[in-house]
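Notes follow once the structure below has been shown.
Chain A is the first sequence line, chain B the second, and so forth, proteins listed ahead of strands; every chain is numbered from 1.
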2 protein chains.
Amino acid sequence: MGRRTQRYSKQREAVFNAVKSTDSHPSAEDVYESVRREIPNISLGTVYRNLSRLADSGKISTLELPDEVTRYDGNTSDHLHGICQECGRVVDVELSVHQNLHDYLSGISNFHVSRYSLTLHGLCRDCLN
Amino acid sequence: MGRRTQRYSKQREAVFNAVKSTDSHPSAEDVYESVRREIPNISLGTVYRNLSRLADSGKISTLELPDEVTRYDGNTSDHLHGICQECGRVVDVELSVHQNLHDYLSGISNFHVSRYSLTLHGLCRDCLN
DNA sequence: CTATTTGCAAACGCTTTGCCTGATT
DNA sequence: AATCAGGCAAAGCGTTTGCAAATAG
């Protein structure tokens with residue numbers, strides 16, 4: 001066990017920047033496409049490896065979306081996501097709701113909730129018009 | 001388009017029964033193992049095909065669990081699921097909470113919620129002891 | 001100099017599909 | 001007899017991994 005030391009690599013930096021610089025919650029493939037413009041011969045395997053390491057070390061986070069390709073988020077704060085049924089985008093959701101939900105869920109009698117995963121489906125602001 | 005007519009087959013009946021007769025939320029592989037005791041030469045492809053058809057026609061339902069193999073549920077009523085961090089089981093969760101949640105979620109300002117997918121993580125009753 | 005990281009390609013796990021034979025209506 | 005469903009095996013898709021060469025410290 002124990003994490004081994006991490007060395008700098010321009011590939012990891014580029015992967016990190018690609019995730020950090022957008023709020024589109026890119027998939028590994030999306031990140032690959034984006035980073036390739038800067039480092040044309042980067043391999044998809046390297047992108048996957050770096051996404052995992054960055055997520056392990058808490059610098060980015062992984063999105064738990066049902067029936068979806070894994071997506072990554074540069075915003076590591078605790079928040080919710082909505083998937084727009086119209087345009088397919090994954091958007092950040094304002095979370096006053098989120099804050100009370102944990103208490104709300106402790107009302108459950110046959111299961112002890114330590115965390116939950118909530119994904120909303122509906123219409124984003126753009127598609128609501 | 002348009003659904004084609006469905007014919008009876010003993011394989012589909014067995015797949016249906018396997019899902020209906022348990023509350024363990026079996027995966028396709030689980031169903032395969034189970035049905036094989038009755039129909040030893042059934043193929044895994046047939047199990048998948050029938051699970052899809054049964055779900056399409058609403059006779060069983062598909063579980064949207066993040067980062068999990070797809071599981072199936074013979075209980076088609078709207079309810080929540082908890083994944084036990086100790087034993088890995090997926091259990092049905094009593095849902096008084098669930099009923100109010102939709103209203104609760106309409107408070108969100110930047111996303112119009114039409115449905116949501118909520119999975120709980122924690123401890124089931126057995127593992128809480 | 002040594003350990004880590006890369007690129008590449010092969011392997012993986014789960015699920016779907018094509019093709020031809022067999023079963024249902 | 002006309003379709004639909006099954007068995008089998010191959011393919012598909014997203015992701016992981018083994019390996020030898022390159023690179024950071």
#### Entry: Protein-to-nucleotide contact annotation, 5' to 3' order, nucleotides 20-25 of chain D [B base; S sugar-phosphate only; - none; under 4.0 Å, heavy atom]
----BS

### Summary
To the nearest 0.5 Å, atom CG of B:Leu120 lies from atom NE2 of A:His112 at 11.5 Å

### Query
Going by number, which of residues 20-38 of chain A have a non-hydrogen atom under 4.0 Å from DNA chain D?
none

### Message
Check A:Arg89 with A:Asp126, please: is the shortest side-chain N to carboxylate O separation under 4.0 Å?
### Response
yes

### Query
Taking CZ from A:Arg71 and P from D:dT15, how many angstroms apart are they, rounded to a whole number?
11 Å

### Task
Using only heavy-atom distances, determine whether the side chains of B:Arg12 and B:Asn50 contain a donor-acceptor pair under 3.5 Å.
yes

### Message
In whole Å, I'd like the distance from the OH atom of B:Tyr72 to the P atom of C:dT15.
### Response
6 Å

### Query
Under a single-linkage definition using a 4.5 Å side-chain heavy-atom cutoff for Ile, Leu, Val, Met, Phe, Trp and Tyr, are A:Ile39 and A:Leu51 assigned to the same hydrophobic cluster?
yes

#### Entry: Within 6.0 Å of CD in A:Glu33, more than 12 heavy atoms from elsewhere
yes

### Residue of the set A:Gln6, A:Gln11, A:Lys10 for which side-chain contact (heavy atoms from CB on, under 4.5 Å) holds with A:Tyr8
A:Lys10

### Lys/Arg-Asp/Glu bridge criterion (N-O < 4.0 Å) met for A:Arg115, A:Glu64
yes

### Task
Kindly say if A:Arg53 contacts the phosphate of C:dT5, meaning a side-chain N or O under 4.0 Å from OP1 or OP2.
yes

### Task
Compare all side-chain heavy atoms of A:Val19 with those of A:Val31 and state whether any distance is below 4.5 angstrom.
yes

### Message
Within residues 39-51 of chain B, which residues have any heavy atom lying less than 4.0 Å from an atom of DNA chain D?
### Response
B:Asn41, B:Ile42, B:Ser43, B:Thr46, B:Arg49, B:Asn50

### Query
How about A:Thr70 and A:Leu63: do any of their side-chain heavy atoms sit closer than 4.5 Å?
no

### Query
Between A:Asp92 and A:His25, does any side-chain donor sit less than 3.5 Å from a side-chain acceptor?
yes

### Query
Is any side-chain heavy atom of A:Thr119 less than 4.5 Å from a side-chain heavy atom of B:Tyr116?
no

### Query
Expressed in angstrom and rounded to an integer, what is the separation of A:Gln11 atom CD from C:dT5 atom C1'?
8 Å

### Summary
A:Asp56 CG to C:dT4 C1', in whole Å, measures 16 Å

### Query
Atom NZ of A:Lys10 and atom P of C:dT6: how far apart are they, to the nearest Å?
10 Å

### Query
Which whole-number value in Å describes the distance from A:Glu68 CD to D:dG14 P?
11 Å

